**Q** 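First the structure, then my questions, so here it is.
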Amino acid sequence: MAILEVRDVTYRYETKYQTVDVLKGVTCSFEEGKLYALIGKSGSGKSTLLSLMAGLMLPRSGEVCFNGRPTASLDLSRYRRENAAVIYQSFRLFPLLTVSENVTYPMELRGFTGKSAREKAQRLIEKVGLPQNVLHRFPGMLSGGEQQRVAIARAISMDSRLLLADEPTGNLDTENGNRILDLLLELAHRDGYCVIVVTHDLDIAARADRTYRMRDGMLFRA
């Protein structure tokens with residue numbers, strides 16, 4: 001059964017000067033245990049679709065459904081906090097918080113604090129392949145690849161089964177990009193996450209379990 005479904009979704013940006021139909025009847029579904037790549041040129045609608053799946057906004061028409069329930073019927077703040085973890089190209093770590101504090105932050109929002117939260121952060125840092133000595137460092141002291149791994153650890157600290165990644169390798173060199181892709185595939189295949197990656201990286205598309213291509217607001221199986 002699909003954990004996430006997009007059903008005939010449309011979306012339109014309107015300004016005083018123009019109206020742009022960004023999504024035009026998009027339909028697709030996503031299952032746990034797989035990594036999906038969503039590719040396409042800039043302006044094709046990829047980021048808008050990701051934002052809808054993340055609950056950052058609602059479709060103009062159609063539905064985005066999580067475990068069979070339309071996001072329009074959900075508390076979107078809670079949905080984002082508990083169910084839809086987003087990994088950003090720019091990492092979006094808190095620069096004045098240590099790695100440990102960054103990873104435990106989502107847990108604290110859900111009332112999971114203290115020693116148990118710190119111990120979980122330690123386990124997650126190990127899981128993403130970083131040494132324990134990074135826990136007390138600040139993001140600015142880490143390389144781009146290390147920061148992205150911290151961002152992934154923070155995302156999976158939520159215990160969400162849905163990971164949405166926006167160009168997660170875009171700011172990384174080839175070696176670190178491959179490490180991040182290996183980690184995302186491991187999270188999908190070994191740990192059962194549903195991982196959806198918006199990307200221009202054709203290596204990700206080549207290794208994904210399924211690839212969709214966005215073109216002019218429409219979605220095609222690649």
Side-chain angles (χ1 to χ4, degrees), residues 2-7 9 11 22-23 26-40 42 44-59 62-72 74-93 102-103 105-106 109-110 124 128 147-172 177 180-181 183-189 191-201 204-205 207-214 219 222:
I3 186 174
L4 189 70
E5 296 174 276
V6 178
R7 302 172 180 171
V9 161
Y11 195 83
V22 184
L23 298 178
V26 172
T27 296
C28 51
S29 61
F30 305 92
E31 300 175 359
E32 291 177 315
K34 294 182 179 180
L35 185 144
Y36 298 83
L38 185 59
I39 63 175
S42 297
S44 61
K46 304 186 307 298
S47 295
T48 298
L49 182 57
L50 186 81
S51 294
L52 290 168
M53 293 189 292
L56 294 170
M57 51 195 188
L58 294 172
E63 294 179 327
V64 176
C65 296
F66 177 77
N67 283 335
R69 294 186 61 192
T71 52
L74 303 176
D75 178 333
L76 290 181
S77 294
R78 183 174 181 181
Y79 170 68
R80 292 191 298 269
R81 188 168 63 246
E82 297 182 1
N83 301 121
V86 182
I87 303 163
Y88 297 97
Q89 177 182 357
S90 57
F91 320 134
R92 294 200 183 181
L93 300 174
N102 267 280
V103 176
Y105 181 76
L109 292 179
R110 299 176 63 179
L124 291 174
V128 299
Q147 288 187 59
Q148 189 61 289
R149 286 173 176 263
V150 173
I152 293 172
R154 181 177 63 182
I156 62 178
S157 75
M158 299 166 60
D159 292 325
S160 167
R161 309 310 293 171
L162 175 62
L163 292 181
L164 305 169
D166 187 7
E167 296 284 2
T169 61
N171 283 334
L172 305 178
I180 294 302
L181 177 55
L183 176 56
L184 293 175
L185 284 165
E186 182 179 287
L187 290 170
H189 296 161
D191 299 331
Y193 286 83
C194 174
V195 182
I196 305 170
V197 182
V198 167
T199 186
H200 287 95
D201 190 335
I204 294 179
R207 295 178 63 188
D209 297 295
R210 181 171 297 176
T211 299
Y212 290 110
R213 182 181 298 276
M214 292 289 302
L219 188 74

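Heavy-atom basis, side chains included; hydrogens, waters and symmetry copies ignored. For the single chain, residues carry numbers from 1 onward in sequence order. Source: prediction; values computed, not measured.
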**Q** Is the number of heavy atoms from other residues, nucleotides or ligands within 6.0 Å of OH (Tyr105) greater than 12?
**A** no

**Q** Please report the closest heavy-atom contact between Pro59 and Val9, naming both atoms and the distance.
**A** CB-CG1, 3.8 Å

**Q** Is the side chain of Asp75 donor-acceptor paired with the backbone N or O of Ser77 at a distance under 3.5 Å, no angle test?
**A** yes

**Q** Report the distance from atom CG of Leu185 to atom NZ of Lys34, rounding to the nearest 0.5 Å.
**A** 13.5 Å

**Q** With a 3.5 Å distance limit and no angle check, can you tell me whether Ser29 reaches the backbone of Glu5 through a side-chain donor-acceptor pair?
**A** no

**Q** Do side-chain atoms of Gln147 reach the backbone of Leu93 as a donor and acceptor pair under 3.5 angstrom?
**A** no

**Q** Can you see which heavy atom on Val197 is nearest to which on Pro168, and at what distance?
**A** CG1-CD, 3.6 Å

**Q** Using a 6.0 Å cut-off, check whether atom CZ of Arg81 has over 12 heavy atoms from anything other than its own residue.
**A** yes

**Q** Taking all non-hydrogen atoms of both residues into account, name the closest pair between Leu164 and Ala84 and its distance.
**A** CD1-CB, 4.4 Å

**Q** Does a donor on one side chain sit under 3.5 Å from an acceptor on the other, for Gln89 and Asp166?
**A** no

**Q** Ignoring hydrogens, what is the shortest heavy-atom contact between Thr199 and Asp201? Give both atom names and the distance.
**A** OG1-N, 2.7 Å

**Q** Where do Pro106 and Met158 come nearest, in terms of heavy atoms and distance?
**A** CB-CG, 3.7 Å

**Q** Once rounded to the nearest 0.5 Å, what's the spacing between atom CG of Leu109 and atom CZ of Arg80?
**A** 12.0 Å

**Q** Output all residues satisfying ring-ring contact (aromatic ring centres under 6.0 Å, His included) with Tyr88, sequence neighbours left out; order by chain, then residue number.
**A** none

**Q** Does CZ belonging to Arg110 count more than 12 external heavy atoms closer than 6.0 Å?
**A** yes

**Q** Enumerate donor-acceptor pairs with a distance under 3.5 Å from any side-chain N or O in residues 47-56 to protein atoms, sequence neighbours excluded.
**A**
residue : atom : partner : partner atom : Å
Thr48   : OG1  : Tyr13   : OH           : 3.0
Ser51   : OG   : Ser47   : O            : 3.1

**Q** So, the side chain of Lys46 versus the backbone of Val198: is there a donor-acceptor pair under 3.5 Å, distance only?
**A** no

**Q** Return the CZ to CD1 distance between Arg154 and Ile156, rounded to the nearest 0.5 Å.
**A** 12.5 Å

**Q** Between Asn83 and Ser160, do the side chains contain an N or O donor and an N or O acceptor separated by less than 3.5 Å?
**A** no

**Q** Nearest heavy-atom pair of Glu31 and Ala2: which atoms, and what distance?
**A** CG-CA, 4.1 Å

**Q** Got a sec, which residues hit ring-ring contact (aromatic ring centres under 6.0 Å, His included) with Tyr36, two or more places apart in sequence or on another chain?
**A** Phe30

**Q** Side chain to side chain contact (heavy atoms under 4.5 Å, CB included) between Leu172 and Gln148: does it pass, once the steps are laid out?
**A** CA-CA 9 Å; Leu172 305 178; Gln148 189 61 289; 4.2 Å; yes

**Q** Nearest 0.5 angstrom please: Ile204 CD1 to Leu38 CG, how far?
**A** 11.5 Å

